[in-house]
Protein chains: 2
Amino acid sequence: MSAYIESPSPTHNHDACRTKAIQIADRICAERGVQLTTIRRQVLELIWNSHKATKAYDLLDQMKLVQHSAKPATVYRALDFLLDQGLIHRVESLNAFIGCTCSEQKHEQLLLICLQCHEVEERPGKRVMQAVSKELSQAEFTPHHKAIEIQGICKYCTQSEPNAM
Amino acid sequence: MSAYIESPSPTHNHDACRTKAIQIADRICAERGVQLTTIRRQVLELIWNSHKATKAYDLLDQMKLVQHSAKPATVYRALDFLLDQGLIHRVESLNAFIGCTCSEQKHEQLLLICLQCHEVEERPGKRVMQAVSKELSQAEFTPHHKAIEIQGICKYCTQSEPNAM
DNA sequence: AACTGATATGTTATATTATAACAAATTAGT
DNA sequence: ACTAATTTGTTATAATATAACATATCAGTT
Ligand SMILES: [Zn+2]
Ligand SMILES: [Zn+2]
Ligand SMILES: [Zn+2]
Ligand SMILES: [Zn+2]
């Protein structure tokens, strides 16, 4: 376990990554006495197919393949559940969703969104959050929810890009 | 001129506020040799009717009152122009738009969005931005665009709320 | 096992947000 | 006046999201 979360490298073992995420979700839901139903689980698995943010209607298209009756509400209700349980995050600037690895505790995060490979890295960004808290108390503002999203080019794309284009 | 931007108080002279914003926009566009056409100006004025974030289709409804031919594209094109010129900001978490007072220079900002009165305060948040920059260089991430949006309760609503609800 | 209330899903319809594509009009510079 | 570039008009449609109500399933109790 490193000091801070690594961005998912292009060569990491993502099968293990996804499997672990689902296992954690199973455990969390059991502990909380909430139901990770088949539909909710399927949506979570689809989201975890990559570290790219997934759009609701892309999820719907994929759901339809295994669940002919799937409708927008099917997906959006599953997403609401997963959001409530902190198992996924909504990427506001993309209208899309990513899986969360640190669902155990309530937390805040920075999202680094790569414009090249479209992967999204979630980072706790403790220092940033401290600075935000300071700013908010100066402003006498009581926070309920924070969305901190940075779009740009990730380290792997920076390394491999010079020749591209 | 205070050290940091004041959140727009419920009692501030907003007519002056809006007038000044439009004047600045006029000047900026003139300097840059871009056209603040009637439509674009109208959209900007409508956005500046308050410090609440305004939705594109609310703008459209209002535009239709004075410009019968207004269509979605009418509004979205004006919004694109105003965004390009930095005269407005998009609030990602609301799919809505607010006027910007510091359009002269390219800048980054925190948006404090009040869930009670729906006003949006823009703050430079220098310390926050410094912390973000540090975090990004740690992550070896090259930023192109930053969206930092905090939803919560503003100071005026905190003061007046205790009796409400 | 049947009953019951709560939770989850099915289904239809519609609301909201945003863009594409092409034609016509206007503007700025010559 | 001519021309190229920019802006606007117009139609159509794509993409994102929610409302409302019926039905089904689940968990706990009798
Ligand atoms: Zn992975
Ligand atoms: Zn997370
Ligand atoms: Zn004002
Ligand atoms: Zn601004």
Side-chain angles (χ1 to χ4, degrees), chain A residues 25-26 29-44 46-47 52-85 87-98 118 147 149, chain B residues 25-26 29-47 52-85 87-98 113 118 147 149:
Chain A
D26 274 328
C29 289
E31 282 170 10
R32 295 182 187 164
V34 295
Q35 307 174 48
L36 189 60
T37 60
T38 307
I39 289 177
R40 291 166 176 175
R41 186 179 233 278
Q42 282 169 343
V43 169
L44 184 61
L46 289 172
I47 287 173
K52 295 177 176 56
T54 312
K55 302 242 158 198
Y57 275 75
D58 289 345
L59 290 170
L60 178 54
D61 290 343
Q62 295 179 265
M63 283 296 283
K64 276 177 177 163
L65 300 177
V66 295
Q67 184 97 194
H68 187 269
S69 70
K71 299 270 165 9
T74 314
V75 167
Y76 279 103
R77 285 195 286 226
L79 289 171
D80 284 344
F81 171 85
L82 297 169
L83 286 168
D84 282 348
Q85 296 304 320
L87 297 170
I88 61 173
H89 296 296
R90 182 180 162 81
V91 186
E92 299 290 354
S93 57
L94 298 178
N95 294 335
F97 305 85
I98 56 161
H118 304 293
E149 303 181 1
Chain B
D26 274 328
C29 290
E31 283 170 11
R32 294 181 189 164
V34 296
Q35 308 175 48
L36 188 60
T37 60
T38 307
I39 288 177
R40 291 166 176 176
R41 185 180 234 276
Q42 283 170 344
V43 168
L44 185 60
E45 283 171 350
L46 289 173
I47 287 173
K52 295 175 176 56
T54 313
K55 301 243 156 196
Y57 275 76
D58 289 344
L59 290 170
L60 177 54
D61 290 342
Q62 296 178 263
M63 283 296 282
K64 276 178 179 164
L65 299 178
V66 294
Q67 183 98 196
H68 188 269
S69 70
K71 300 270 166 10
T74 315
V75 166
Y76 278 102
R77 286 194 285 224
L79 290 171
D80 283 345
F81 171 86
L82 297 170
L83 286 168
D84 281 349
Q85 296 303 322
L87 297 170
I88 62 173
H89 295 298
R90 180 180 163 82
V91 186
E92 299 290 354
S93 58
L94 299 178
N95 295 335
F97 305 86
I98 57 162
I113 303 157
H118 304 293
E149 303 181 3

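Just so it is clear: chains get the letters A, B, ... in the order the sequence lines come, proteins before strands, and each one is counted from 1.
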Taking only N/O atoms, report every protein-nucleotides 22-25 of chain D pair under 3.5 Å with atom names and distance.
none

Anything under 3.5 Å between a protein N or O and an N or O of nucleotides 2-7 of chain D, put it in a table, one pair a line.
{"residue": "D:dT7", "atom": "OP1", "partner": "B:Arg40", "partner atom": "NH1", "Å": "3.1"}
{"residue": "D:dT7", "atom": "O5'", "partner": "B:Arg40", "partner atom": "NH2", "Å": "3.4"}

Would you list the protein and nucleotides 14-20 of chain D atom pairs, both N or O, that sit under 3.5 Å from each other?
{"residue": "D:dT16", "atom": "OP1", "partner": "A:Lys55", "partner atom": "NZ", "Å": "2.7"}
{"residue": "D:dA17", "atom": "OP1", "partner": "A:Arg90", "partner atom": "NH1", "Å": "3.1"}
{"residue": "D:dA17", "atom": "OP1", "partner": "A:Arg90", "partner atom": "NH2", "Å": "2.7"}
{"residue": "D:dA17", "atom": "OP2", "partner": "A:Tyr76", "partner atom": "OH", "Å": "3.0"}
{"residue": "D:dA17", "atom": "O5'", "partner": "A:Tyr76", "partner atom": "OH", "Å": "3.4"}
{"residue": "D:dA17", "atom": "N7", "partner": "A:Tyr57", "partner atom": "OH", "Å": "2.6"}
{"residue": "D:dA17", "atom": "N6", "partner": "A:Tyr57", "partner atom": "OH", "Å": "3.3"}

Pair up each side-chain donor or acceptor in residues 62-79 of chain B with any protein partner under 3.5 Å, not counting sequence neighbours, and list the distances.
{"residue": "B:Lys71", "atom": "NZ", "partner": "B:Ser69", "partner atom": "O", "Å": "3.3"}
{"residue": "B:Thr74", "atom": "OG1", "partner": "B:Lys71", "partner atom": "N", "Å": "2.8"}
{"residue": "B:Thr74", "atom": "OG1", "partner": "B:Lys71", "partner atom": "O", "Å": "3.1"}

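Sorted by first and then second residue, the salt bridge (Lys or Arg N to Asp or Glu O under 4.0 Å) pairs with a member in residues 30-45 of chain B read B:Asp26-B:Arg41, B:Arg27-B:Glu31, B:Arg41-B:Glu45; sequence neighbours excluded.
Every residue two or more places apart in sequence or in another chain was checked for a salt bridge (Lys or Arg N to Asp or Glu O under 4.0 Å) with B:Lys55, and none qualifies. Take B:Glu149 and apply the side-chain hydrogen bond (donor to acceptor under 3.5 Å, both in side chains) test, not counting sequence neighbours, and it matches B:Ser93. Checked against side chain to side chain contact (heavy atoms under 4.5 Å, CB included), A:Ala53 has the following partners two or more places apart in sequence or in another chain: A:Val91, A:Leu94, A:Ala96, A:Ile98, A:Val120. For B:Glu92, the side-chain hydrogen bond (donor to acceptor under 3.5 Å, both in side chains) criterion is met by B:Arg90, not counting sequence neighbours.
Looking at B:Leu46 and B:Thr54, their side chains never come closer than 4.5 Å, going by heavy atoms from C-beta outward.
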Could you give me the CA-CA distance, side-chain angles and deciding distance for B:Asn95 and A:Asn95, then say whether side-chain contact (heavy atoms from CB on, under 4.5 Å) is met? CA-CA 10 Å; B:Asn95 295 335; A:Asn95 294 335; 4.2 Å; yes
B:Val43/B:Phe97 under side-chain contact (heavy atoms from CB on, under 4.5 Å): CA gap, chis, key distance, verdict: CA-CA 11 Å; B:Val43 168; B:Phe97 305 86; over 6 Å; no
